[in-house]
Every structure is written in structure tokens, then in C-alpha cells.
Amino acid sequence: MFRWDIFWHFLPSGFFLEAAWTTLWISAACQFFGVIIGLLLALMRMSRFPFLTWPARAYIWFFRGSPLLVQVLLLWDGLPKVIHNPAALLPAYAVVLVAFSCNEGAYMAEIVRAGITSVDPGQMEAAKSLGMRFPLAMRRIILPQAARFIIPPLGNEFNNMLKNTSIASVIGLAELTYTAQVFGSPTFSTFELLLVATVYYLLMTTLWGYVQNWIENRLDPDRTTKRDLYEKKGWTARMLGFGGEARGTGTLVSGH
Amino acid sequence: MDERQANKEEMVRAEKIVKRFGHLTVLNGIDLSVRRGQVVVIIGPSGSGKTTLLRCINHLEKIDDGRIYIEGELLGYRIVNGHPVEDREANIARIRSQIGFVFQRFNLFPHMTALENVMEAPVHVLHQPVAEVRERAIALLEKVGLADKASAYPHKLSGGQQQRVAIARALAMNPKLMLFDEATSALDPELVGEVLKVMRQLAEEGMTMVVVTHEMGFAREVADHVIFMDKAVIVEQGPPEQIFDYAENERTRSFLRMVL
């Protein structure tokens with residue numbers, strides 16, 4: 001039977017708070033590096049030089065084409081075997097950081113590329129006509145506008161990342177899922193503790209949802225005053241014919 | 001007059017420009033010369049190549065043959081062993097920074113206010129001090145009649161206002177030459193006048209301008225030299241009175257009959 005006392009005992013415990021913190025910082029770090037790698041790959045893929053586009057294509061092909069779990073295990077077990085050196089055995093968190101960042105980079109590359117191609121080419125021409133060179137135009141003109149298209153799927157990616165870090169439990173990283181299993185197995189209360197972990201996962205993804213909304217609103221160049229929002233018809237109202245003003249809708253759906 | 005001085009007086013010199021898109025030849029051996037302070041207006045039916053010609057003068061389009069010189073300096077290419085090869089980006093950017101370009105679709109930066117649009121290039125391309133640029137940018141917005149819109153984002157402005165901000169943005173670089181690509185074609189009819197007024201004022205101040213337009217009244221009034229293009233070539237050119245009242249070529253006459 002389900003032991004609520006165990007659930008309540010472990011919910012506010014230091015073990016799980018620490019595990020949640022591990023999940024959070026590993027996810028944030030991997031997402032951060034993923035964005036950087038993705039940005040580089042996207043620019044490489046869009047380059048006119050084949051010696052840049054082909055490595056980027058191959059990278060994305062490999063990391064999107066094979067399971068994350070396999071990539072983690074390859075780096076964990078496979079690498080020390082390949083180079084015949086036990087010293088190559090990386091600590092679990094390092095393996096997770098490298099594997100997840102590289103994997104995320106492949107997905108972010110496609111997201112960033114889509115974001116960049118969504119920007120009106122006239123913007124690049126305007127930047128060039130003012131004497132801007134490519135890197136400056138990218139940094140000041142194109143990427144800030146691409147960010148609007150990138151943030152919503154990026155938020156999705158980070159939501160996934162928070163949960164996918166549970167894969168790290170198979171190599172013994174003490175994040176939420178691993179902690180639930182470790183404390184649960186000896187006392188036959190895995191189910192109770194997995195529920196505790198679920199609460200923490202839900203807490204983090206929900207909070208992230210609010211943060212994402214805030215970022216999206218910040219990036220909206222049509223960002224309007226509260227009064228404007230009340231006057232403006234929402235996306236649902238325009239598209240489906242019901243619902244009211246545009247309150248609380250995200251960037252992409254707020255219409256012009 | 002030595003050659004260099006001649007070059008200085010000649011702002012733009014285009015020799016036998018050829019531009020193809022695939023199998024389509026859009027510019028077929030265009031020669032063009034724009035002197036300092038001159039206002040050259042290019043007219044012609046759509047698809048005649050006039051916009052492409054203007055974009056070539058800013059190297060927004062690469063050319064397949066011919067040469068373009070800006071103040072005697074070869075644009076977009078450098079000669080290696082007698083053949084033109086694509087110039088370094090830094091060089092192209094430097095020449096472009098001296099040429100203002102006004103687009104049909106304005107192309108203001110939507111994530112920046114009107115003032116930030118105007119300040120962007122002087123601050124980040126020319127690295128001029130922010131305070132100084134801000135002062136000049138405000139003066140320029142005043143000049144185009146938009147001092148009160150300095151902190152407005154482009155989507156809050158009408159088309160005519162956006163185009164005037166775009167002109168101020170180009171002027172902020174202190175260009176030697178301004179190129180206008182159908183600057184009023186995307187505007188509601190009642191907004192055309194305010195943009196033409198700014199362009200007319202610029203011409204009166206002695207700005208060197210190349211203007212592609214369908215506004216024949218403006219062409220007649222402001223142009224020093226009118227070029228009529230059709231089917232990738234210059235059909236006829238001369239002072240506005242000659243083109244508008246005594247055109248020799250039948251194609252010019254039939255085009256003008258249709259638009260006037």
C-alpha cells in the first residue's frame with residue numbers, strides 16, 4: 001500500500017532538495033552550452049564554405065540520429081575502452097555535461113537556423129547598406145530579431161532538458177530520479193519517492209513556464225502597455241472567433 | 001584637370017554593367033555617370049532593371065561584367081592579374097558606409113526605437129561618441145519632421161514616418177551619395193508627399209542622389225538628369241525637359257503616355 005508518511009517525510013528532505021538542485025544546475029549548464037554549440041553549428045551550416053557546412057551537418061546527423069542514452073553510455077563506458085586508459089573514466093557529472101550539451105547543441109542548431117531564416121532578408125541588406133560587416137550585423141540586427149523565434153522552442157527544449165536529465169541516473173549521478181531509486185529500493189518505497197521526484201519536476205517545469213513567458217514578453221518588439229493588450233484582439237479571437245483580448249498570450253501569437 | 005580630380009568630381013561611374021539572374025539578363029551593358037551634387041532619376045517599366053542597377057551601385061548585387069567606381073575607387077572587386085575578384089568584406093563595408101540606401105520596404109530595425117535606428121550605425125560602425133551621435137540623430141529626426149517620434153518603435157509609425165526615419169538613418173552616416181529605391185512605392189497615396197518633400201529638400205541642399213521612382217512629377221521637378229530604362233538597357237537619357245517633352249525614342253514616349 002502507498003505510504004503517505006514516507007512521501008511527506010522525504011518531500012521536504014535535504015536529500016531531495018540537493019537532488020533537485022543537481023537536476024537544475026546540470027540542466028541549466030547543458031542548455032547553456034547547448035545554445036552556444038547550436039549557435040556555432042547554425043552559423044556553420046549557413047556558411048557558404050563546404051568545409052564548414054559539412055562538419056556541422058555530420059554533427060547534427062549523428063547527435064539527432066542516435067539516442068541520448070546511447071550517447072551517454074558511449075562516453076561513460078566506451079571512451080575508457082577506446083583509449084585503453086582507466087584515467088579516461090570521467091566523473092558522472094562530466095559525462096552528463098558533455099553528452100547532454102553536445103546532444104542539445106544539435107537540436108539548438110536547427111532551432112537557431114530556423115530563427116535566423118525567419119528574419120526578413122531586408123534586415124541584413126539594411127545593415128550592410130549602413131556599412132556593417134557580417135558579424136556586427138548578426139550580433140546587433142539579426143540575432144536579436146531571431147531571438148523572438150528562438151525563445152519559444154528553446155523554452156520547450158529546456159523543459160525537456162529538466163526531465164531528460166533523469167537519464168543521468170543510469171550512470172549514478174545523484175539527480176532526482178537516481179535519488180528516488182536509491183532511497184526507495186532498500187525500503188520498497190520507490191513509488192512514493194518517485195512521486196516526490198515528480199513533485200520537484202513539476203515545480204521546476206512550472207516555474208520555468210513563468211520565466212519563459214516573461215522572457216518572451218520582454219523580447220516582443222510589439223510589447224505594449226496593459227491598455228493596449230485589452231484593446232487588442234487575441235489570437236484565438238482572430239483565428240477561431242471566440243475568446244477575448246490578447247492577455248497572457250505568448251510572443252508569436254499576439255498578432256500585430 | 002588631372003585624372004584623380006576628374007574622379008573626385010565623378011561620384012559614380014558605371015561601365016558596361018552586365019547582371020544576370022540565371023538565364024535572364026537584367027542589366028545588359030549599362031553605362032552611368034553621376035557627378036557630385038547631381039540628382040539622377042531612373043524611370044522605366046517594372047522589370048526594366050532599374051532597381052537592380054541601383055542595388056549594384058551599393059554592391060547589394062554582384063555584377064557579372066563591367067566595372068563600378070565610387071569616387072574613382074573600384075567597388076566590390078579588386079583586380080588580380082587583370083581579373084576582377086570579390087573584394088574584402090571590410091573594403092566593401094567601408095565604401096557602403098559612405099553611401100546611403102533607402103529601401104522600398106523601409107527595412108527599419110523593428111527591435112529599436114526611431115532614435116536607436118538612426119544612432120545604430122554611427123555608434124557601432126563609425127565608433128563615434130554616443131552623446132555626439134545622439135545630438136545629431138535628434139537633429140536629423142527634427143529635419144525629417146519626426147522629433148516627437150524619437151522613442152517610438154517602427155510598428156507604431158505610419159509608412160511615411162517609417163520611410164522618413166529610414167532616410168534619417170541613412171543621413172546619420174554623412175553619406176556622399178544617397179540611393180533611393182522606389183522610396184514611395186509602398187506608401188499609401190496620402191503619405192507619398194511627406195517623403196518626397198524630404199527628398200526634395202535633400203536635393204536642394206546639394207546631396208548627390210540616384211533615385212529610382214514612379215513619381216514623374218518629382219522626376220521632372222527635381223532631376224538634373226533623367227534615365228529611361230527598358231528591357232535591361234538605357235533607352236534614352238537627358239535633362240528632364242528633353243525626356244518628358246521631347247522624347248526621341250518611341251518606347252520612352254509610349255511609357256510616358258501610360259504613366260503621365
Using non-hydrogen atoms only, which part of B:Leu60 is less than 4.5 Å away from chain A: side chain, backbone, both, or neither?
-> side chain

For A:Ala137, does its backbone N or O pair with a side-chain atom of B:His124 as donor and acceptor, under 3.5 Å?
-> no

In this structure, are over 12 heavy atoms from other groups packed under 6.0 Å from B:Glu86 atom CD?
-> yes

B:Arg105 atom CZ, neighbour heavy-atom count above 12 within 6.0 Å | no

Give a yes or no on whether A:Phe32 atom CZ has more than 12 heavy-atom contacts from other residues, nucleotides or ligands under 6.0 Å away.
-> no

Is the count of non-hydrogen atoms from other residues, nucleotides or ligands lying under 6.0 Å from B:Gln201 atom CD greater than 12?
-> yes

Could you tell me which non-hydrogen atom of B:Met173 sits nearest to which non-hydrogen atom of A:Leu130, and how far apart they are?
-> CE-O, 3.3 Å

Other residues, nucleotides, ligands: >12 heavy atoms within 6.0 Å of B:Arg35 CZ = no

Are more than 12 heavy atoms from other residues, nucleotides or ligands located less than 6.0 Å from atom CZ of B:Arg20?
-> no

If one checks every heavy atom of B:Leu126 against chain A at 4.5 Å, the contacting part turns out to be neither

Reported CZ-to-NE2 distance for the pair A:Arg148 and B:His111, which is rounded to 0.5 angstrom = 11.5 Å

Cut-off 4.5 Å, heavy atoms of chain B, and the answer for A:Leu136 is side chain

At a heavy-atom separation under 4.5 Å, does B:Arg169 approach chain A through its side chain, its backbone, both, or neither?
-> both

Neighbours of chain B found in residues 33-64 of chain A - heavy atoms under 4.5 Å = none

Select one option (side chain, backbone, both, neither) describing which atoms of B:Ala90 are under 4.5 Å from chain A's heavy atoms.
-> both

Heavy-atom distances under 4.5 Å only: say whether B:Phe103 touches chain A with side chain, backbone, both or neither.
-> side chain

Do other residues, nucleotides or ligands put more than 12 heavy atoms under 6.0 Å from B:Arg136 CZ?
-> yes

So which residues of residues 110-127 of chain A are in contact with chain B at a heavy-atom cut-off of under 4.5 Å?
-> A:Asp120, A:Gly122, A:Gln123, A:Glu125, A:Ala126, A:Ala127

